[in-house]
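Right, one structure below, let's go through it.
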Protein chains: 2
Amino acid sequence: MSTAPDSHPTDVRTRILLEATRLFAERGYNGTSIQMISQAAGIKRPTLVYHFGSKDSLREAVLGQLVKHWQAELPRLMAAASDGGPRLDSLMRALFQFFLEDRNRARLVLREMLDAPDSLTVELRRELQPWTQLLVDAMRTAQGQGVIRHDVDIESFLLLIITTSIGVLAIGDRTKALVPPEPGIDDQLMELIRIAKTSLFTPRES
Amino acid sequence: MSTAPDSHPTDVRTRILLEATRLFAERGYNGTSIQMISQAAGIKRPTLVYHFGSKDSLREAVLGQLVKHWQAELPRLMAAASDGGPRLDSLMRALFQFFLEDRNRARLVLREMLDAPDSLTVELRRELQPWTQLLVDAMRTAQGQGVIRHDVDIESFLLLIITTSIGVLAIGDRTKALVPPEPGIDDQLMELIRIAKTSLFTPRES
DNA sequence: CCTACCGATCGGTAGG
DNA sequence: CCTACCGATCGGTAGG
């Protein structure tokens, strides 16, 4: 009664969310039964249902986790970069780091985008768009100052960087079979950074 | 007996493949029952099984279609561009055109990459890699001639363009919710072309 | 948090 | 190309 009832790191609810994230990412929502998740979490199926109500609610909880992360991270990044304007570097680094930490996160996002549950678009727009709006504004200012090339379509550029980052991290080790020396994820990410910089910034004169 | 028994454009086998492609793309392999496909094709389930043996064989047939297209298209593109070196433009245009014709193709490819059935990597490597190898060689030559920037990682560059093109065409109308004016697919593709050109070619001196 | 149970749907087969 | 049928698994509920 005096100790928090379920604040352990190996909390049941947490364990369910962890395994659900992994399995949804690896096998997809439809390819994963709540039975598999329950077993991975070391409980019986009705216990999972007791905690989350339904498979679909569990899906929303899993997705909510990721959205929540960026809802906290984007403001942090914007603030940290406020001196000297937001830096492409730190943003891309944060993007890479988060999805590299657990590549299943990238796969999950991609799958959700493909399945397009109604909840997703709505939540993205409501929770994340306000922050990316700020980012777009900052970039537009940099463009006005001549730091960013005049021919850049800021909104599309941002979207493309995000799409590509997630794409590479989710399936980069599978697409590489297309091309002979089979460049690794790191090679692809480094080339992505080069491409982004080259096509975003006005070449320095001197 | 004198007329071909099933060469109609509305051939049963063709109709099954068509509906399977659409449904696998929209709902995923695991999210689509052979019952749904049969119904969409206007037949009963055992008839589908009679034609394709199993759900998994149908999956391979659906994927085989797409691989076959590029197996024919890549050599064609390489040959057409042989005078003056392969042109980035025609390649990207062909890529866009094929996947724009039916966006479900892009979604299907992305889903297969995520599901990573063993057959996929093997088939990509065996059927498509020989042709992309030629493309890489041609680009490397252009790089030696100074047409392509010296700092380009050719293999990663190619992979990134393909990943991004498919990504945009598959989920571009969903990711756009992230950014305020919500740029359309066409905006994103045009910006992708700009990014590719800017980051690939050595700036002309003049 | 569990045991026991539910109807519905799954992919596939038998047999014609 | 179909009807009739199969065991297995699905998500979820009753009740404790």
Side-chain angles (χ1 to χ4, degrees), chain A residues 1 3-64 108 111-112 115 117-119, chain B residues 1 3-64 108 111-112 115 117-119:
Chain A
M1 238 183 165
T3 51
D6 53 359
S7 58
H8 287 72
T10 45
D11 181 42
V12 190
R13 215 176 176 273
T14 307
R15 249 159 45 220
I16 295 174
L17 276 174
L18 215 72
E19 298 297 338
T21 304
R22 184 178 61 81
L23 287 164
F24 284 163
E26 287 173 359
R27 319 176 38 96
Y29 178 78
N30 285 306
T32 307
S33 64
I34 53 174
Q35 167 64 20
M36 293 177 197
I37 300 168
S38 309
Q39 193 174 328
I43 53 167
K44 301 296 178 181
R45 193 174 68 259
T47 305
L48 185 151
V49 177
Y50 163 76
H51 277 289
F52 287 93
S54 73
K55 191 186 180 187
D56 208 76
S57 303
L58 174 57
R59 171 189 218 151
E60 280 181 28
V62 165
L63 188 62
L108 187 82
R111 287 204 193 264
E112 288 296 307
D115 288 350
D118 303 336
S119 49
Chain B
M1 234 184 168
T3 53
D6 53 0
S7 60
H8 286 73
T10 45
D11 180 44
V12 190
R13 211 172 178 278
T14 308
R15 248 159 45 220
I16 295 175
L17 275 174
L18 214 73
E19 297 298 338
T21 303
R22 184 178 60 84
L23 286 164
F24 284 162
E26 286 173 359
R27 320 177 37 98
Y29 177 78
N30 285 306
T32 307
S33 63
I34 53 174
Q35 166 63 23
M36 291 178 198
I37 300 168
S38 309
Q39 193 175 329
I43 53 168
K44 300 296 177 181
R45 193 174 69 260
T47 304
L48 184 150
V49 178
Y50 162 77
H51 277 288
F52 287 91
S54 73
K55 191 186 179 186
D56 209 75
S57 304
L58 174 58
R59 173 189 217 151
E60 282 181 27
V62 165
L63 189 62
L108 188 81
R111 287 205 194 264
E112 289 296 308
D115 288 349
D118 303 336
S119 50

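All values below were derived from every heavy atom in this structure, side-chain atoms included, with hydrogens, water molecules and symmetry-related copies excluded. Throughout, a chain's letter reflects where its sequence line sits, starting with A, and its residues are numbered from 1.
D:dC10 atom C1' lies 15 Å from atom CG of A:Asp56, rounded to whole Å. Whole-Å rounding puts the B:Lys55 NZ to C:dT13 P distance at 15 Å. Residue B:Gln39 contributes atom CD, which lies 13 Å from atom P of D:dC2 at whole-angstrom precision. If you take CG of A:Leu23 and P of D:dG11, they are 12 Å apart, rounded to a whole angstrom. The OH atom of B:Tyr50 sits 15 Å away from the C1' atom of C:dA14 (whole-angstrom rounding). Between the C1' atom of D:dC1 and the CZ atom of B:Phe52 lies a distance of 14 Å, rounded to the nearest Å. Between A:Arg45 atom CZ and C:dC5 atom P the separation is 14 Å, expressed in whole Å.
Counting heavy atoms of neighbouring residues, nucleotides and ligands inside a 6.0 Å radius, atom NZ of B:Lys55 exceeds 12 of them. In the displayed structure, A:Gln35 atom CD is contacted under 6.0 Å by more than 12 heavy atoms of other residues, nucleotides or ligands.
Across residues 29-37 of chain B, B:Thr32, B:Ser33, B:Ile34 each have a non-hydrogen atom less than 4.0 Å from an atom of DNA chain C (numbered order).
Atom CD of B:Glu19 is separated from atom CG of B:Leu48 by 11.0 Å, given to the nearest 0.5 angstrom. We find the CD1-CG distance between B:Ile37 and B:Leu18 to be 11.5 Å, quoted to the nearest 0.5 Å. Within the model, atoms CZ of A:Arg27 and CZ of A:Arg111 stand 9.5 Å from one another, a figure rounded to the nearest 0.5 Å.
Taking every side-chain heavy atom of A:Val49 into account, D:dT13 is the closest of D:dC1, C:dA14, D:dT13. In this structure, of C:dT13, D:dT13, C:dC1, it is C:dT13 that holds the atom nearest to the side chain of B:Pro46.
Residues B:Arg13 and B:His51 share a closest heavy-atom pair of NE-O, 4.4 Å.
Using a 4.0 Å cut-off, no side-chain N or O of B:Lys44 falls inside it from OP1 or OP2 of D:dC1.
Within the shown strands, D:dC2 is the pairing partner of C:dG15 under the Watson-Crick or G-U definition, both distances less than 3.5 Å.
Not a single donor-acceptor pair under 3.5 Å links the side chain of B:Thr14 to the backbone N or O of B:Thr10.
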